[in-house]
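To start, the structure itself, in structure tokens.
Numbers here are sequence positions counted from 1. All values derive from a computational prediction rather than experimental measurement.
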Amino acid sequence: MDKNMQRMRSQDVNPCIEESDGSQKCLDANNYDKTMCSAYFLRYKNCRKYWHNIMLNRRRDGVKPDMPTAEERQEILAAIGGKPY
């Protein structure tokens, strides 16, 4: 696995690994018929949008790192009662 791929598989860098994997598994199971996986794609898109907004807010507020660590994300999700996407 090349360095870029390893980086994208890191929980600290990519908060939407679970949603990405779900989309890929759906495509594999449905012979790459994208129409069968639209719910998975929407969930991934909403996940990316949610964490992107969190990252922008943290950057604007001067919080480092811009993207919360995997541990911090778990605390954020627990505080709001689960995934909002």
Side-chain angles (χ1 to χ4, degrees):
M1 199 180 302
D2 68 354
K3 287 186 185 266
N4 192 35
M5 195 63 144
Q6 287 176 341
R7 185 172 175 266
M8 290 308 295
R9 296 297 306 168
S10 169
Q11 286 285 342
D12 283 331
V13 175
N14 184 358
C16 301
I17 290 176
E18 183 180 320
E19 289 76 9
S20 175
D21 288 347
S23 296
Q24 190 62 47
K25 286 178 185 175
C26 179
L27 286 171
D28 290 342
N30 291 296
N31 200 24
Y32 289 85
D33 181 0
K34 293 179 183 177
T35 60
M36 301 294 289
C37 302
S38 60
Y40 289 94
F41 297 151
L42 184 60
R43 186 171 176 196
Y44 176 75
K45 181 180 175 183
N46 289 337
C47 176
R48 295 295 297 180
K49 185 185 294 185
Y50 177 80
W51 290 111
H52 181 74
N53 287 334
I54 295 285
M55 185 179 71
L56 291 178
N57 289 338
R58 286 171 62 104
R59 187 177 296 157
R60 184 188 64 227
D61 296 339
V63 178
K64 293 288 182 182
D66 295 338
M67 178 61 72
T69 63
E71 195 173 283
E72 286 177 299
R73 288 194 304 268
Q74 291 301 322
E75 293 171 7
I76 291 169
L77 292 176
I80 62 172
K83 294 180 178 179
Y85 42 87

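- For residues 19-28, the pairs satisfying salt bridge (charged side-chain N to carboxylate O under 4.0 Å, His left out) are Arg9-Asp21, Glu19-Arg43, Glu19-Lys83, with sequence neighbours left out.
- By the side chain to side chain donor-acceptor pair (under 3.5 Å) test, Thr69 is found to be paired with Glu72, residues two or more places apart in sequence or in another chain being considered.
- Residues passing the side chain to side chain donor-acceptor pair (under 3.5 Å) test with Asn30: none are found, sequence neighbours excluded.
- Once rounded to the nearest 0.5 Å, the distance linking OH of Tyr50 with CD1 of Ile80 reads 3.5 Å.
- Contacts of Tyr40 classified as ring-ring contact (aromatic ring centres under 6.0 Å, His included), with partners at least two apart in sequence or in another chain: none.
- Tyr85 and Tyr44 end up in different hydrophobic clusters when Ile, Leu, Val, Met, Phe, Trp and Tyr side chains are linked at under 4.5 Å.
- In summary, Asp61 and Arg59 do not engage in a salt bridge, as defined by a charged side-chain N under 4.0 Å from a carboxylate O.
- Considering all non-hydrogen atoms of both residues, Pro15 and Arg48 come closest at CD-NH1, 4.1 Å.
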Verdict with reasoning, Val63 to Met55, per side-chain contact (heavy atoms from CB on, under 4.5 Å): CA-CA 9 Å; Val63 178; Met55 185 179 71; over 6 Å; no
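- Residue Leu56 belongs to no hydrophobic cluster, having no ILVMFWY side-chain heavy atom closer than 4.5 Å to its own.
- Here Leu27 is tied into one hydrophobic group with Tyr32, Phe41, each link being a pair of ILVMFWY side chains closer than 4.5 Å.
- In this structure, Trp51 CH2 and Asn46 CG are separated by 13.5 Å, a value rounded to the nearest 0.5 Å.
- Remark: Arg60 CZ to Asn57 CG distance equals 4.5 Å, nearest 0.5 Å.
- In terms of modelled atom types and a separation under 3.5 Å, the side chain of Asn14 and the main chain of Cys16 share a donor-acceptor contact.
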